[in-house]
Amino acid sequence: VTPALGRLLTPVEDRVKSGEPYVVLSYDYWRRRFGGDPFAVNRAINLNGHPLTVVGVAQSGFHGLSLMSPADLFIPLMMKTIATPTWDDMSRRNSIWLNVFARLRPGIDPQAAQSSLAGAYRAALEHDLTETSRDAQFSAQYVRNQLSLADGAQGFAGMREFFSKPLYLLLAMVGTLLLIACANLANLFIARGQGRQKEIAIRLALGATRASLARLIMTESLLIAVASGALGLLVSGWIASLLVSLLPFNNITDAVRTTPDAPVFAFATMVSLMAALLAGVIPALRAAPPDLTPALKNESRTSSLGLHQTRFRKALICAQVALSFLLLA
């Protein structure tokens with residue numbers, strides 16, 4: 001993090017409890033509360049009745065280390081009792097409330113850093129046991145605790161773990177809906193192919209191959225899938241924003257990005273191609289009539305669908321009904 005104005009906090013300003021009255025403003029708070037005034041630096045603000053001197057403004061886009069709790073002000077840790085006057089816990093070792101972030105020194109592997117911390121962490125655990133009496137079983141289990149380093153590039157939120165199951169469920173529901181649409185579209189392609197029997201028979205009589213006819217129908221399926229995928233990408237940002245805004249969490253719209261990016265675009269493209277195959281491959285294989293003469297004589301209009309096609313269409317309808325009941329449940 002670099003300062004947009006002034007400077008940031010330094011380690012020197014974090015040594016004396018309640019003795020370092022300095023504060024850094026977030027960029028958004030500086031624009032909102034001070035109107036972007038560059039002379040806000042070195043001014044004093046009042047925090048719970050205590051004056052703090054503004055020494056800088058954090059860079060734009062930095063909202064702190066917790067995505068779900070964006071910060072307006074940044075103060076030294078030693079000034080915590082000023083920010084939370086009714087709750088200290090600075091001297092209680094067994095009070096767990098602080099998230100620790102560190103920057104790896106250049107050239108240091110994360111595994112090496114974790115290994116170097118393991119010894120110090122075990123020593124800290126053993127020190128805990130000397131300050132309180134515990135039985136042997138608890139002590140043995142306590143010192144086996146492990147310290148693990150996690151990537152801090154995205155801050156601390158736990159949103160991935162919290163939202164993973166609901167999102168997988170939503171993905172399964174939307175995937176099921178897509179299967180219903182593919183079955184419906186395949187049924188329509190088969191019915192449409194039956195109405196084009198004379199056209200297809202003429203193409204075959206003029207020298208077209210069954211492979212070229214299959215490519216023709218697959219191209220139509222692909223065009224529909226690509227157009228649908230593009231429309232889905234267009235509206236997905238709006239729908240996702242609406243769903244996120246309905247969640248009962250403060251600042252959730254700041255923590256969760258809903259604008260489609262490159263991975264989303266690649267996934268949508270892959271799903272569109274798979275939908276084109278699901279909806280078009282069977283109709284493409286069944287497009288050509290087994291006998292050209294009745295089709296050329298226009299007799300196919302009065303003839304019913306073949307037994308296999310009738311059974312296949314009924315199977316598609318059964319699949320749609322079954323999947324619809326699954327979604328309803």
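As a basis for the values below, the full set of heavy atoms in this structure was taken, side chains included, without hydrogen atoms, waters or symmetry mates.
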task: Check the surroundings of atom CZ in F138: do more than 12 heavy atoms from other residues, nucleotides or ligands lie under 6.0 Å from it?
output: yes
- request: Using atom types as modelled and distance alone, determine if a side-chain donor or acceptor of R122 lies under 3.5 Å from a backbone N or O of V143.
  value: yes
- request: Without swapping roles, check the side chain of S221 against the backbone of A276 for a donor-acceptor pair under 3.5 Å.
  value: yes
- request: State plainly whether the residues E13 and R7 are in salt-bridge range, i.e. N to O under 4.0 Å.
  value: yes
field: Side-chain heavy atoms of L47 within contact of V23, under 4.5 Å
entry: no
- prompt: Which pair of heavy atoms, one from K17 and one from D88, lies closest together, and at what distance?
  reply: NZ-OD2, 3.0 Å
- request: Considering only NZ, NE, NH1 and NH2 on the basic side and carboxylate oxygens on the acidic side, decide whether R33 and D28 come within less than 4.0 Å.
  value: no
field: Whether Q114 side chain and L149 backbone form a donor-acceptor pair below 3.5 Å
entry: yes
message: Could you tell me if the side chain of S241 sits less than 4.5 Å from the side chain of T258, heavy atoms only?
response: yes
query: Would you say M274 has more than 12 foreign heavy atoms packed within less than 6.0 Å of its CE?
result: no
task: Give the minimum heavy-atom separation between N48 and P85, together with the two atoms involved.
output: ND2-CD, 3.7 Å
- prompt: Counting heavy atoms not belonging to R92, are there more than 12 under 6.0 Å from its CZ?
  reply: yes
message: Same cluster or not: Y22 versus V16, using hydrophobic residues (I, L, V, M, F, W, Y) connected whenever any side-chain heavy atoms lie under 4.5 Å apart?
response: no
- request: Give a yes-or-no answer on whether the side chains of T269 and S272 include a donor-acceptor pair shorter than 3.5 Å.
  value: no
- prompt: What do you reckon, is OH of Y121 surrounded by more than 12 foreign heavy atoms closer than 6.0 Å?
  reply: yes
- prompt: Salt-bridged, D72 to R32, with N to O below 4.0 Å?
  reply: yes
- prompt: Backbone N or O of S18 within a donor-acceptor pair of the E20 side chain at under 3.5 Å?
  reply: no
Side-chain (S212) to main-chain (T209) donor-acceptor, under 3.5 angstrom: yes
- prompt: For the residue pair F163 and Y168, is the inter-centroid distance of their aromatic rings smaller than 6.0 Å?
  reply: no
query: Are L179 and L169 connected in the hydrophobic side-chain network, where two residues link if heavy atoms are under 4.5 Å apart?
result: yes
message: Looking at Q320, is its backbone amide N or carbonyl O close enough to the side chain of S324 to form a donor-acceptor pair, meaning the two atoms are under 3.5 Å apart?
response: yes
field: Minimum heavy-atom distance between W30 and G36, given as atom pair plus value
entry: CZ2-O, 3.1 Å
message: Taking atom OH as the centre, does Y142 end up with more than 12 heavy-atom neighbours from other residues, nucleotides or ligands that are less than 6.0 angstrom away?
response: yes
field: From CA spacing to verdict: side-chain contact (heavy atoms from CB on, under 4.5 Å), S26, F74
entry: CA-CA 7 Å; S26 72; F74 304 95; 4.0 Å; yes
field: ILVMFWY network linking I180 to I224, side-chain heavy atoms under 4.5 angstrom
entry: no
- request: Give, for atom OG of S66 and atom CG of N99, the distance between the pair rounded to the nearest 0.5 Å.
  value: 7.5 Å
message: Does atom CD1 (I96) have a neighbourhood of more than 12 heavy atoms from anything else shown, all under 6.0 Å?
response: no
query: Where the side chain of D14 meets the backbone of M78, is there a donor-acceptor pair that is under 3.5 Å apart?
result: yes
field: Atom CE of M90 with >12 non-hydrogen neighbours under 6.0 angstrom
entry: yes
message: When you measure from the side chain of K80 to the backbone of I75, do you find a donor-acceptor pair of N or O atoms at a distance under 3.5 Å?
response: no
- prompt: Mind checking whether L323 and L278 sit in one hydrophobic cluster, side chains of I, L, V, M, F, W, Y counted as touching below 4.5 Å?
  reply: yes
